[in-house]
Chemist: 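Got a structure here, written out as C-alpha cells. Questions coming.
Quick note: residue numbers are just sequence positions, from 1. Order of appearance sets the numbers: ligands from 1, and atoms from 1 within every ligand.
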Amino acid sequence: MSAHDALPEVPQQLFIGGSWVDAAGGATFAVEDPSTGEAIAHVADATVEDGTAALDAAVAAQKDWAATPPRDRGEILRKAFEIVTERTDELATIMTLEMGKPLKESKAEIAYGAEFLRWFSEEAVRVAGRYSTAPNGATRLLTLKQPVGPVLAITPWNFPLAMGTRKIAPAIAAGCTIVVKPAGLTPLTMLWLAQVLAEAGLPDGVLNVVTTKSTGKVMGPLIADPRLRKLTFTGSTEVGQSLVEQSAKGLLRVSMELGGNAPFLVFDDADVDAAVEGAMLAKMRNIGEACTAANRFIVHASVAEEFSTKLTERMQGLKSGPGLEDGVDVGPLVEEAQRDKVAQLVADAVGKGATVRCGGTLPDGPGWFYPPTVLTDVPLDSDLRTEEIFGPVAPIFTFTDEDEALAMANDTEYGLVAYAFTRDHARVIRVYEGLETGMVGINQGIVSNPAAPFGGVKASGFGREGGTEGIEEYLETKYVGLAF
Ligand code: NAD
C-alpha cells in the first residue's frame with residue numbers, strides 16, 4: 001500500500017467561518033511523506049484574499065464568543081479532547097505520514113497535545129479578577145479579565161498538533177477567536193483538528209485555518225490589520241524576530257516560542273544510568289527535532305567515558321525506518337534541507353577533530369533518514385555547539401568543576417530549557433538558580449507538561465504556554481475605579 005493510500009480521510013481545503021473552501025484561484029500545494037518524498041495530499045494554497053477572509057470571520061465571531069459562558073467554552077474543549085483521544089490511531093497515521101516521526105511518537109504527541117484541550121477546558125471557568133480598597137479608603141479598585149481579541153497563531157512542523165493546541169485551547173477558553181497558519185510541511189494535522197473542534201460544537205468563525213506556501217505574503221497583511229490584537233508564534237528565532245518587528249506597528253500583544261540550544265549537564269555524583277535514560281528522552285524524543293532537545297551534553301570528565309559508552313550502546317540499538325512500520329524508533333527527518341543541515345553540522349565537528357562513536361554517515365535509499373549519532377572530543381568551536389541541531393546527534397563535551405559547567409551551559413544566545421543530573425541537593429538549587437533558561441529538568445530528560453508554564457528567555461522568546469500562566473496570554477486586565 002502506498003503512503004497516499006494509507007492516509008485517512010482529512011480535509012484539504014481552507015477552514016473559514018465554519019466552511020471548507022478552496023483557495024481563491026484554486027491553487028494547491030503538495031504535502032510529502034518524508035520517508036519516501038512521495039506526495040500524499042494537496043492542500044489549498046491560500047492567497048492574501050483568503051487570509052483576510054479568515055480574519056474577517058474571526059472578527060465577526062469575536063463579540064459573541066467573548067459573551068459565551070465560560071462553562072460552554074470549556075465543554076467544547078472537553079468534547080474535543082475526548083474525540084481526539086478516541087481517534088488517536090487515525091490522527092497518528094496522518095501525523096506520521098506528513099511529518100515522519102514513528103507512530104509511537106505521534107501517539108505520544110497526541111496524548112500531550114490533547115491534554116491542552118482538557119487542561120484549558122478546566123481553566124476556562126477559573127478566570128477571575130480582584131477587588132480591593134484604595135490605600136486612602138476613598139474608592140474601590142476592581143480588576144477584571146477580558147479576552148484580548150482576535151488572535152493569529154503561526155505554528156511549526158515539529159509538533160503539528162501540540163504546538164497548535166497549546167495556543168488554540170487557551171485562546172478559545174479565554175474567549176478569543178483565532179486564525180491559525182500551520183507549517184506548510186505538516187498542514188493536515190491542523191485541518192483534521194479544525195474538523196474535530198467543529199464536531200465538538202465550536203461556533204463558526206471562532207477557529208479558522210489558513211494553509212499557504214506564500215507565508216510572509218499572506219501573513220504580513222494580517223499582522224498589519226488593526227483588527228488583529230494578538231500574535232502568537234512558535235518557530236525559529238529568525239522568523240520570530242521578524243514577526244516581532246512587524247507587530248510593533250499595531251502594538252500587538254505578542255508571544256514567541258522560539259529556538260533552543262539545551263545543555264544537558266551530568267555531574268560526577270549523578271546516577272549515570274539514569275542520566276543515560278534521561279539523555280535518550282532529551283535527545284531522541286521526536287528524532288531530535290524538538291526545541292527542547294538536548295543540544296550539548298556537558299559531562300564531568302570523571303564519568304564522561306562511562307556516559308558516552310552507555311549512550312552509544314543505546315543509540316546503536318535504535319531501529320530506523322518509515323514511521324508506519326512496526327518497531328521503528330527513528331523516522332526520517334522532515335525534509336532534505338533539514339537532513340543536509342544535520343549532516344553539515346556533523347561534518348564540521350568531525351573536520352575540527354570530533355570522534356564519531358556511532359552513526360555519522362548517510363544511509364542509502366529514499367527518504368530523509370539520518371542515523372542516531374554520538375560524537376565525543378567535540379571541539380568548542382564546532383558549529384553544533386552554537387546552532388540548533390534538530391536531529392539525532394549527541395555531541396559530548398567535558399568539564400571539571402561546577403562553575404565551569406554552568407558557564408558552558410549559559411554560553412549561548414538561547415535560553416529555553418536545561419537538564420541537570422546530580423544527587424547533591426545543594427548543587428541542585430545552585431544549578432537551577434544559575435541556569436539562564438525558562439525551564440529546568442532536574443534528574444529528568446523531559447519537562448513538557450500541559451499543567452506547567454512552557455517558555456524561554458533570551459533568544460528563545462517570551463510568553464508562557466500551558467499551566468495557569470497559559471491563559472493569561474489571551475487576557476487583558478481592565479481596572480475600574482469605583483467611587484461612592
Ligand atoms: P520556522 O520559523 O521556519 O516556521 C514556523 C512557522 O512560521 C511556519 O508555520 C512557517 O510557515 C511560518 N513562517 C515562516 N516564515 C514566515 C514569515 N516570514 N512570516 C510569517 N510566518 C512565517 O520554524 P520551523 O522550521 O517550522 O520550526 C522549527 C523551529 O521552531 C525551531 O527553531 C524550533 O526550536 C522552534 N520551536 C520552538 C518551540 C518552542 O516552544 N520554543 C517549539 C517547537 C519548535
Chemist: Considering only heavy atoms, does Met163 approach ligand 1 within less than 4.0 Å through its side chain, its backbone, both, or neither?
Modeler: side chain

Chemist: Give a yes or no on whether a salt bridge exists between Glu289 and Lys101, defined as a side-chain N under 4.0 angstrom from a carboxylate O.
Modeler: no

Chemist: Tell me yes or no: between the side chains of Thr477 and Lys145, is some donor less than 3.5 Å from an acceptor?
Modeler: yes

Chemist: Enumerate the atoms of ligand 1 whose separation from the nearest heavy atom of Phe390 is less than 4.0 angstrom.
Modeler: 28 (C), 31 (C), 33 (C), 34 (O)

Chemist: Show which atoms of ligand 1 fall inside a sub-4.0 Å distance from at least one heavy-atom site of Leu243.
Modeler: 19 (N), 20 (C)

Chemist: Does the protein place any heavy atom closer than 4.0 Å to atom 21 (N) of ligand 1?
Modeler: yes

Chemist: Indicate the ring-plane relationship of Phe120 and Phe116, choosing parallel, tilted or perpendicular according to the 30° and 60° boundaries.
Modeler: parallel

Chemist: Between the candidates Met190, Gln338, Lys181, which shows the shortest non-hydrogen contact distance to atom 10 (C) of ligand 1?
Modeler: Lys181

Chemist: Inspect the contact between Lys167 and Glu465 and indicate whether a charged nitrogen and a carboxylate oxygen are less than 4.0 angstrom apart.
Modeler: yes

Chemist: Please state which part of Arg166 comes within less than 4.0 Å of ligand 1, counting heavy atoms only: side chain, backbone, both or neither.
Modeler: side chain

Chemist: Between Lys283 and Ile389, does a side-chain contact (heavy atoms from CB on, under 4.5 Å) hold up when you go through it step by step?
Modeler: CA-CA 10 Å; Lys283 182 74 253 179; Ile389 302 170; 4.3 Å; yes

Chemist: Report the nearest protein non-hydrogen atom to atom 41 (N) of ligand 1: residue, atom name, distance rounded to 0.1 Å.
Modeler: Leu258 O, 2.7 Å

Chemist: Give a yes-or-no answer on whether the side chains of Asp22 and Gln13 include a donor-acceptor pair shorter than 3.5 Å.
Modeler: yes

Chemist: Any luck finding a side-chain donor-acceptor pair between Glu335 and Trp157 under 3.5 Å?
Modeler: no

Chemist: Mind telling me whether Phe264 and Phe421 have parallel, tilted or perpendicular rings, with 30° and 60° as the class edges?
Modeler: parallel

Chemist: Going by atom types only, do Thr186 and Glu98 share a side-chain donor-acceptor pair under 3.5 Å?
Modeler: no

Chemist: How does Thr292 reach ligand 1, if at all, at less than 4.0 Å between non-hydrogen atoms: by side chain, backbone, both, or neither?
Modeler: neither

Chemist: Where does the angle between the aromatic ring planes of Phe307 and Phe297 fall among parallel (under 30°), tilted (30 to 60°) and perpendicular (over 60°)?
Modeler: tilted

Chemist: Which residue and non-hydrogen atom of the protein lie closest to atom 3 (O) of ligand 1, and at what distance in Å?
Modeler: Ser236 OG, 4.0 Å

Chemist: Name the closest protein heavy atom to atom 24 (P) of ligand 1, giving the residue it belongs to and the distance to 0.1 Å.
Modeler: Trp157 NE1, 3.3 Å

Chemist: Is it the case that Asp45 and Thr212 place a side-chain donor and acceptor less than 3.5 Å from each other?
Modeler: yes

Chemist: Look at Arg464 together with Glu472 and state whether they make a salt bridge at an N to O cut-off of under 4.0 Å.
Modeler: no

Chemist: Measure Glu465 to ligand 1 on non-hydrogen atoms and call it side chain, backbone, both or neither using the 4.0 Å cut-off.
Modeler: neither

Chemist: Where is the nearest protein heavy atom to atom 39 (C) of ligand 1: which residue, which atom, and how far?
Modeler: Cys291 SG, 3.2 Å

Chemist: For ligand 1, which atoms sit closer than 4.0 Å to a heavy atom of Phe454?
Modeler: 39 (C), 40 (O)

Chemist: Using a 4.0 Å heavy-atom threshold (strictly under), name the region of Leu416 that reaches ligand 1: side chain, backbone, both or neither.
Modeler: side chain

Chemist: Is atom NZ of Lys217 surrounded by more than 12 heavy atoms (other residues, nucleotides or ligands) closer than 6.0 Å?
Modeler: no

Chemist: Considering only the protein, which heavy-atom contact is closest to atom 9 (O) of ligand 1, and what is its distance?
Modeler: Thr155 O, 2.7 Å

Chemist: Tell me the protein heavy atom at minimum distance from atom 12 (C) of ligand 1, and give that distance in Å.
Modeler: Ile154 CG2, 3.6 Å

Chemist: Can you find a non-hydrogen atom of Phe159 under 4.0 Å from ligand 1?
Modeler: no

Chemist: Tell me which protein heavy atom sits closest to atom 34 (O) of ligand 1, plus the residue, atom name and distance to 0.1 Å.
Modeler: Glu388 OE2, 2.4 Å

Chemist: Please work out which of Thr211, Thr234, Val180 has its closest non-hydrogen atom nearest to atom 5 (C) of ligand 1.
Modeler: Thr234

Chemist: Which of these, Gly240, Gly235, Gly259, has its nearest heavy atom closest to atom 35 (C) of ligand 1?
Modeler: Gly235

Chemist: Identify, by atom number and element, the atoms of ligand 1 in contact range of Thr215, meaning under 4.0 Å from any of its heavy atoms.
Modeler: 11 (O), 12 (C), 13 (N), 16 (C), 20 (C), 21 (N), 22 (C)

Chemist: Are Arg339 and Glu336 within salt-bridge range, i.e. N to O under 4.0 Å?
Modeler: no

Chemist: Can you tell me the protein heavy atom closest to atom 27 (O) of ligand 1 and the distance?
Modeler: Pro156 CB, 3.4 Å

Chemist: Short list, please: which atoms of ligand 1 are under 4.0 Å from a heavy atom of Asn158?
Modeler: 43 (C), 44 (C)

